[in-house]
Amino acid sequence: MYAFPVSIDCGASETYTDDNTLEWIGDDGMFKDTQSEVVQSSNTVSHVMSTLRVFTSLKKNCYTITDIKGSLVLVRASFFYGNYDKKSSPPSFDLLLDGNYWSTVNTTLDNEPDIYEVMYFVKSDTTSICLAQTQPNQFPFISALEVRILDSKMYAIVDPNYALFPDDVYDRVWDPASIFSGRIPVTSDAKLIDVATAPDNPPRKVLQNAITTSSGSLTLLPYFPDEDVSVYMNLYFSEVTALDTTQKRSFNLYIDNIKKSEPIIPPYGEAKEIIVNFTATVNISISLVSTNDSTLPPLINAVELFYVSDRLTDGTDSKDVEGLVALQDSFSVLQEIWSGDPCLPSPYTWDRISCSNDVIPRVTALDLSSLDLSGPLPDFSSMDALVSIDLHNNSITGPIPDFLGALANLEDLNLADNSFSGPIPPSISSNKKLKLVASGNPNLCESCQPTSPDGTIIRSTPSRGRKKSNKLPVILGTTIPIFIIFWAIVGFLVHHKRKTTAIAAIIGGQTGGANRPSGADTMMGEVDEAVIDDTRVNIQDQTPSENGVQSVPQQ
């Protein structure tokens with residue numbers, strides 16, 4: 001019947017097979033910062049109820065089941081307090097299904113477990129069953145978790161957008177009907193009952209027994225809450241003995257004295273199923289009433305009752321889930337603090353993220369600061385609704401990913417005090433609306449030009465929106481080199497002038513000393529021979545003055 005049985009004995013460490021040949025696995029190692037406890041009254045409960053898992057940290061802790069996308073599943077969660085903490089104070093907490101509220105669990109001191117069940121279609125790759133703390137110092141716990149995949153043809157009444165919550169114990173384990181005045185238990189004498197004639201495949205064992213009455217009306221008394229609620233009810237019928245030609249069993253279903261079925265005639269050796277949907281109130285009446293031509297009273301073999309949930313949410317936007325999973329895969333610490341749906345239900349949004357209030361919420365802020373993250377950043381560019389990213393005070397390495405600057409809604413990016421290296425991508429440096437904090441990254445080159453994979457320099461256009469104070473280093477950086485070049489030119493001209501003077505004096509000496517100015521001998525004696533050699537003067541190129549003597553400029 002079940003294609004994918006999952007049976008978790010919460011708080012246990014071993015794997016074992018019970019008396020019904022079901023294999024149970026322990027959940028040791030599935031969670032961090034939890035406690036495995038043993039109940040005090042272990043002699044009066046089944047083995048699977050003798051241990052439990054207590055969650056003392058995080059506001060939401062989840063069991064995640066994978067590889068069941070598109071399946072109709074039945075989930076059962078069992079809770080047996082058993083005074084494990086010796087405080088005689090059973091806690092209350094919320095039970096969540098993916099991103100949806102399932103129920104509030106109010107545990108008791110009774111010697112019977114509290115059991116909650118739900119049936120629904122799994123739309124995503126995984127499904128999560130979560131426990132959430134709602135009261136101070138009241139820690140959620142769970143004793144057992146079971147997940148069953150049902151045949152795809154079963155329970156055709158289930159709308160993929162809603163969940164059904166069975167009111168009876170189902171695995172399918174069935175509660176025996178209460179026997180009181182007016183109810184008569186009977187047993188089928190059929191050797192084999194064909195259940196294939198009932199769409200939802202009730203177990204043969206369930207159909208082997210029935211209740212009837214001595215009168216023409218059999219009243220059913222299911223429990224309903226105070227408020228009005230939408231209900232699906234499956235009723236199963238199978239005749240318990242072969243009737244002769246003088247006998248006939250025929251009856252109708254009535255709800256609040258309104259006929260809800262054609263005449264029901266239970267088949268012998270087979271099963272008949274009737275499905276009804278109605279709005280139930282606390283004072284509703286449900287009964288089976290014999291038709292006028294019936295010689296036998298009504299009977300019923302089994303009933304399944306389902307409350308219809310509110311419309312199920314589709315959960316956080318899949319693009320954000322994809323990005324968050326990439327972060328979890330890269331940084332193991334996030335696997336310890338994140339589980340279940342990221343944004344929903346809204347009271348239990350993951351720590352360190354913020355979400356929008358959309359029907360399908362988006363992640364708008366990501367704060368992973370001071371988590372001792374190390375290694376490069378993964379690609380979480382699918383999270384394009386992010387407005388703020390804070391990664392400061394970690395040990396994140398590698399280049400700053402270019403996709404961060406391409407996130408359309410991003411306004412604040414804090415990468416301070418990490419180990420990023422290389423240049424700041426142009427997508428960030430040229431993004432006028434993005435506020436970047438990148439101090440404390442000693443290997444980050446804020447001024448160098450990034451290069452493409454082929455080595456080509458990628459030049460970015462500097463932002464024109466910077467404050468004036470930010471231009472001071474640029475002004476100083478350009479003014480100082482110009483100042484140095486200016487004085488270098490002046491020095492060269494002065495030096496060149498002095499060389500020219502010395503050369504002219506030499507030329508003047510070669511034309512005779514009659515007209516040589518006074519002091520020429522002294523000037524010529526002061527000329528450095530090395531300077532004359534370095535100048536490599538071609539005397540023939542000198543242009544004489546009108547009197548044939550090269551004039552000597554005064555020093």
Side-chain angles (χ1 to χ4, degrees), residues 8 10-11 31 34-35 37 39 49 52-65 73-85 87-120 127-147 162-171 175 222-232 279-282 305-313 315 339-351:
I8 302 174
C10 305
F31 300 94
T34 66
Q35 299 172 9
E37 300 288 350
V39 301
M49 291 293 116
L52 51 92
R53 175 73 54 191
V54 184
F55 299 94
T56 57
S57 64
L58 304 182
K59 58 185 177 183
K60 179 169 68 175
N61 292 271
C62 304
Y63 291 84
T64 300
I65 311 299
V73 299
L74 171 75
V75 178
R76 179 167 64 249
S78 301
F79 308 89
F80 182 64
Y81 172 59
N83 200 23
Y84 76 88
D85 54 4
K87 295 180 179 179
S88 298
S89 181
S92 174
F93 47 88
D94 278 354
L95 184 59
L96 312 176
L97 176 66
D98 292 332
N100 302 276
Y101 170 81
W102 178 350
S103 180
T104 295
V105 178
N106 295 302
T107 59
T108 67
L109 286 170
D110 294 344
N111 287 326
E112 294 293 330
D114 297 295
I115 299 175
Y116 295 78
E117 294 181 337
V118 63
M119 185 187 304
Y120 66 102
T127 190
S128 298
I129 298 90
C130 308
L131 306 171
Q133 185 176 4
T134 56
Q135 303 294 329
N137 300 318
Q138 292 192 20
F139 298 121
F141 75 86
I142 185 169
S143 303
L145 179 64
E146 299 165 82
V147 181
Y162 298 86
L164 299 184
F165 297 101
D167 188 49
D168 56 2
V169 179
Y170 177 98
D171 183 354
D175 278 336
Y223 167 78
F224 295 105
D226 292 338
E227 69 274 10
D228 294 352
V229 61
S230 180
V231 171
Y232 277 102
T279 298
T281 62
V282 67
L305 193 64
F306 302 93
Y307 298 135
V308 181
S309 74
D310 294 334
R311 186 179 179 89
L312 297 177
T313 176
S339 61
D341 187 90
C343 295
L344 297 172
S346 56
Y348 308 111
T349 297
W350 283 0
D351 292 333

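All values below were derived from every heavy atom in this structure, side-chain atoms included, with hydrogens, water molecules and symmetry-related copies excluded.
- With contacts defined as side-chain heavy-atom distances shorter than 4.5 Å, the pair K59/Q133 does not qualify.
- A donor-acceptor pair is defined here as one N or O able to donate and one able to accept, closer than 3.5 Å; such a pair exists between the side chain of N83 and the backbone of S88.
- For the pair T56 and Q35, the minimum side-chain heavy-atom distance is below 4.5 Å.
- Here the shortest heavy-atom pairing between A77 and L95 reads CB-CD2, 4.3 Å.
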Intermediate values then yes/no, side-chain contact (heavy atoms from CB on, under 4.5 Å), L131 and F79
CA-CA 11 Å; L131 306 171; F79 308 89; 3.9 Å; yes
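- In this structure, the side chains of F55 and I142 come closer than 4.5 Å at one or more pairs of heavy atoms.
- Heavy atoms only, all atoms of each residue included: L312 and N100 are closest at CA-OD1, 3.5 Å.
- Here the straight-line distance linking atom CG of L96 with atom CG of N61 works out to 10.5 Å at 0.5 Å rounding.
- The two residues F80 and D110 come nearest to each other via the heavy atoms CE1-O, 3.4 Å.
- Closest of all the heavy-atom pairs between G315 and D341 is CA-OD1, 3.3 Å.
- No side-chain donor from either of S309 and Y120 sits under 3.5 Å from a side-chain acceptor of the other.
- At a threshold of 4.5 Å between non-hydrogen side-chain atoms, the residues S78 and M49 count as touching.
- Nearest heavy atoms, C130 versus G340: SG-CA, 4.0 Å.
- Residues V231 and V308 have side chains not in contact (no heavy-atom distance under 4.5 Å, counting atoms from C-beta outward).
- No side-chain heavy atom of V75 sits under 4.5 Å from any side-chain heavy atom of Y63.
- Interatomic distance, OG of S143 versus CG of D114, reported as 9.0 Å (0.5 Å rounding).
- Contact between Y116 and T104 at its shortest, heavy atoms only, is OH-O, 3.6 Å.
- Looking only at side-chain heavy atoms (C-beta outward), W350 and K60 come within less than 4.5 Å of each other.
- Screening F141, Y81, F139 against F93 for a ring-ring contact (aromatic ring centres under 6.0 Å, His included) leaves a single residue, F141.
- For the side chain to side chain donor-acceptor pair (under 3.5 Å) test with D94, the passing option among Y348, W102, Y101 is Y348; the others fail.
- For the residue pair S92 and N106, a side-chain donor N or O sits within less than 3.5 Å of a side-chain acceptor on the partner.
- Taken to the nearest 0.5 Å, the OG1 atom of T107 stands 8.0 Å off from the CD atom of Q138.
- Taking the side chain as every heavy atom from C-beta outward, T127 and V73 never approach each other to under 4.5 Å.
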Verdict with reasoning, S128 to T64, per side-chain contact (heavy atoms from CB on, under 4.5 Å):
CA-CA 4 Å; S128 298; T64 300; 3.3 Å; yes
